[in-house]
Amino acid sequence: MNGTERMRIAITKGRLLDQSIALFKRMGLDCGPVEDPGRRLIHALPNYPLDAVLAKAPDVITYVEHGVCDLGIVGKDTILEKGGAFYEVLDLGFGRCRFALAVKEGVDFFGTYRTRRVASKYPDVTHEFFARKGMDVEVVKIEGSVELAPILGLADAIVDIVETGATLRANGLIPIETVAEVSARLIVNTASMKLYKNQITDFLSRCETELGRSGV
Ligand code: PRP
């Protein structure tokens, strides 16, 4: 809370923003200012005591963890990779995709004893996945367009987000295993949950009513 009895919610910019706004509108929140944000990063919602803060996914977690934002909307992919101390209270049902292990078509990833190299934007998720399997792999961190790594011969496989599968197909890769299911989550700062229980309960129940209505 920012001292003015308005809560702050950090929302992940990009793919999750439009669907967050659509949900808020169904909850009865006037989202005018966030719908046309320009370069401005904080927007007061006119008919509800909430300020929307637009941030990159890992920063949503940082702001909520530090209590400068009370609530946050962020993908489970970022939560799995970054972790942190906060409550994950609701699966918002949108932004659905999965982490998959993918290889070049025809590659027998598991059929060799040599140490395999796996490229990912999500090294911790990747390490944990192979640790659960008891497999020792070398993980190379890539910042984006991870599909390039096996094509260029840098890695035997990738662990990456797959939504429609179009990017994998277009690059001759096939998913061979699901690592984790992903969707947008509502997170809450641990102190805010106690201090602003009533406000957060109101927000949560509006969310849940709408998610129930849309069958999520
Ligand atoms: C993500 C992901 C894949 C793609 C998957 O990339 O890393 O490349 O989307 O979507 P699809 O299965 O529907 O094709 P993003 O666009 O976020 O950019 P990035 O590669 O720079 O991470």
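For ligands, and for the atoms within them, numbers begin at 1 and follow the listed sequence.
Side chain of E147 to backbone of L168: no donor-acceptor contact under 3.5 angstrom is found. In this structure, the side chain of R6 engages the main chain of L45 through a donor-acceptor pair within 3.5 Å. Using a distance-only test at 3.5 Å, with no hydrogens or angles considered, no donor-acceptor pair links the side chain of E163 to the main chain of C97.
Here the heavy atom of the protein found nearest to atom 22 (O) of ligand 1 is K121 NZ, 2.7 Å. In terms of protein heavy atoms, atom 11 (P) of ligand 1 is closest to T164 OG1, 3.3 Å. Atom 5 (C) of ligand 1 has its closest protein heavy atom at I161 O, 3.4 Å.
D160 counts as a contact of ligand 1, since one of its heavy atoms falls under 4.0 Å from the ligand. Judged by the shortest distance from any of its heavy atoms, E143 lies outside the 4.0 Å radius around the atoms of ligand 1.
Looking at ligand 1, you won't find any N or O of L168 less than 3.5 Å from one of its N or O atoms.
Here the shortest heavy-atom pairing between L173 and P150 reads CD2-CG, 3.9 Å.
Near V162, the atoms of ligand 1 lying under 4.0 angstrom from a non-hydrogen atom of the residue are 12 (O). Heavy-atom contacts of T167 reach the following atoms of ligand 1: 4 (C), 5 (C), 8 (O), 10 (O), 11 (P), 14 (O) (cutoff under 4.0 Å).
Checking each of R116, R117, K104, R114 against D156 for a salt bridge (Lys or Arg N to Asp or Glu O under 4.0 Å) leaves exactly one that passes, namely R114.
For atom 20 (O) of ligand 1, the candidate residues are A166, S145, C97; the nearest heavy-atom contact is made by S145. Atom 8 (O) of ligand 1 has its nearest heavy-atom neighbour, among E147, R15, R98, in E147.
Taking OG1 from T126 and CG from L80, the interatomic distance works out to 11.0 Å, rounded to the nearest 0.5 Å.
Y63 and F86 have their aromatic ring centers separated by at least 6.0 angstrom.
Distance check for atom 16 (O) of ligand 1: a protein heavy atom is found below 4.0 Å.
Around atom CZ of R132, more than 12 heavy atoms belonging to other residues, nucleotides or ligands sit under 6.0 Å away.
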